[in-house]
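Contents: one structure, followed by commentary.
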Amino acid sequence: MSHRQILADWPTEERSARAVQDELRARVVLDEPGPPPGTGFVTGVDVAYDDECDLVAAAAVVLDAATLDVVEESTAVGRISFPYVPGLLAFREIPTVVAALEGLDSRPGLVVCDGYGLAHPRRFGLASHLGVLTGLPTIGVAKNPFTFTYEEPAAPRGSTAPLLDGDEEVGRALRTRDGVKPVYVSVGHRTSLETACAHTLSLTPNYRQPETTRRADALCRRALAEAQEDATRA
DNA sequence: GCGACAG
DNA sequence: ATCTTGTCGC
């Protein structure tokens, strides 16, 4: 789906946004293992906002999965399409993220999102939604446990604990640095939870957050700053 | 009804 | 997400 098609019928109200999630959820593919970690490309996406200027900037950064070297970068700037509502984050982030992905010449490979996929009140978070719209394999790696619960994983990097919604495992708390707060991994589209965790570990040789997210975060902030300058000047 | 709540 | 300096520690 193109950026324009997506924006053409983008919901404005919370009620219709939730209805979209309930409908699209059936299209999530959960029975594919996903691309093996350490080979091909891995792409990070992230978004930065300026609510005052009504500006949103997204970045997509393609990394070589084996070396974590940057292969290609893309940014897109737009208007804010939805307020932040817990559970409806995708409606705020996706239009500009898709535009940034469309700017790439490379095939993105696995897309790593800053947020959740299956770990979502209606089992259709940002990573699930982006996966269904693009057809790409996606995973979600969040910095906070949202409304979910978990037992503290053991201290060493690589330790995990189930991320639970009641008694249902919706993701995993994964320790990416010894003794540091874990990240919260969930499946998006066309990937298994095991694959998602393996990718997350291979993307965190030095920091808590995946290299994909760190690169995309830095890039979208830069893009937002430039857009703010342009807006101020005009 | 009240509080909590990915980014 | 964003507002924001110095500072403790490897």
Side-chain angles (χ1 to χ4, degrees), chain A residues 10 14 17-18 20-21 24-25 28 44-61 75-98 100 111-132 138-150 155 157 163-166 168-174 176-189 193 196 200 205-210 212-225 227-228 231:
Chain A
W10 206 237
E14 296 185 20
R18 279 188 284 269
V20 168
Q21 292 179 329
L24 292 184
R25 185 177 48 229
V28 176
V45 292
D46 196 16
V47 179
Y49 301 94
D50 182 343
D51 293 273
E52 297 295 301
C53 299
D54 185 30
L55 279 175
V56 48
V61 180
T75 62
V77 174
R79 298 297 183 184
I80 296 177
S81 55
F82 209 88
Y84 171 65
V85 179
L88 300 178
L89 177 64
F91 295 93
R92 187 167 164 81
E93 307 224 325
I94 279 187
T96 322
V97 165
V98 170
V111 178
V112 180
C113 297
D114 194 7
Y116 282 121
L118 228 208
H120 179 272
R122 286 169 295 283
R123 303 295 179 267
F124 195 72
L126 169 63
S128 320
H129 203 148
L130 184 64
V132 165
T138 60
I139 66 172
V141 181
K143 299 181 289 296
N144 295 293
F146 201 13
T147 60
F148 307 109
T149 59
Y150 64 100
R157 160 179 156 88
L163 187 65
L164 302 172
D165 185 351
E168 180 182 354
E169 181 179 28
V170 293
R172 276 218 268 261
L174 170 63
T176 56
R177 312 298 309 156
D178 290 352
V180 172
K181 176 180 178 175
V183 296
Y184 308 92
V185 180
S186 60
V187 157
H189 186 56
L193 187 52
T200 303
N206 295 313
Y207 297 93
R208 171 180 179 241
Q209 290 260 107
T212 37
T213 301
R214 300 185 66 250
R215 297 318 253 268
D217 179 74
L219 182 57
C220 70
R221 287 182 201 236
R222 267 182 277 148
L224 181 64
Q228 288 170 326

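Chain identifiers are assigned alphabetically (A, B, ...) following the order of the sequence lines, protein sequences preceding nucleic acid strands; residue numbering begins at 1 within each chain. Both backbone and side-chain heavy atoms feed into the values below; hydrogens, waters and symmetry mates do not.
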Handout entry: Side-chain (A:Arg157) to main-chain (A:Leu174) donor-acceptor, under 3.5 angstrom
Key = no
Practice task
Anything under 30° is parallel, anything over 60° is perpendicular, the rest tilted; go ahead and classify A:Phe148 against A:Tyr116.
Solution key: perpendicular
Exercise for the section: Please check if the distance between the ring centroids of A:His120 and A:Phe146 is under 6.0 Å. Expected result: no
Practice task
Check whether any side-chain heavy atom of A:Cys113 lies under 4.5 Å from a side-chain heavy atom of A:Leu130, and answer yes or no.
Solution key: yes
Problem - Pair A:Gln209, A:Arg214: side-chain N/O donor-acceptor within cut-off below 3.5 Å - result: no
Handout entry: Heavy-atom pair with the smallest gap, counting every atom of A:Cys220 and A:Ala48
Key = SG-N, 3.6 Å
Exercise for the section: Compute whether any side-chain donor of one residue and acceptor of the other, for A:Tyr84 and A:Tyr49, lie under 3.5 angstrom apart. Expected result: no
Fill in the blank from the handout: Given Watson-Crick and G-U pairs under 3.5 Å, DNA chain C in dot-bracket ([ ] crossing, | other strand) is ..........
Handout entry: Ion pair check, A:Arg123 and A:Asp165, cut-off under 4.0 Å
Key = yes
Handout entry: Where chain A begins and ends its contact with DNA chain B, read 5' to 3' at 4.0 Å from heavy atoms
Key = B:dC5 to B:dG7
Where do N or O atoms of nucleotides 2-10 of chain C meet protein N or O atoms at under 3.5 Å, pair by pair?
none

Problem - Carboxylate-amine/guanidinium contact A:Asp46 A:Arg215, below 4.0 Å - result: no
Practice task
Select base, sugar-phosphate, or nothing to describe what A:Gly140 touches, counting heavy atoms under 4.0 Å on all strands.
Solution key: nothing
Exercise for the section: Check every strand shown and say whether A:Ile94 touches a base, only sugar-phosphate, or nothing at a heavy-atom separation below 4.0 Å. Expected result: nothing
Exercise for the section: Would you mind reporting whether A:Val20 and A:Phe124 have side-chain heavy atoms less than 4.5 Å apart? Expected result: no
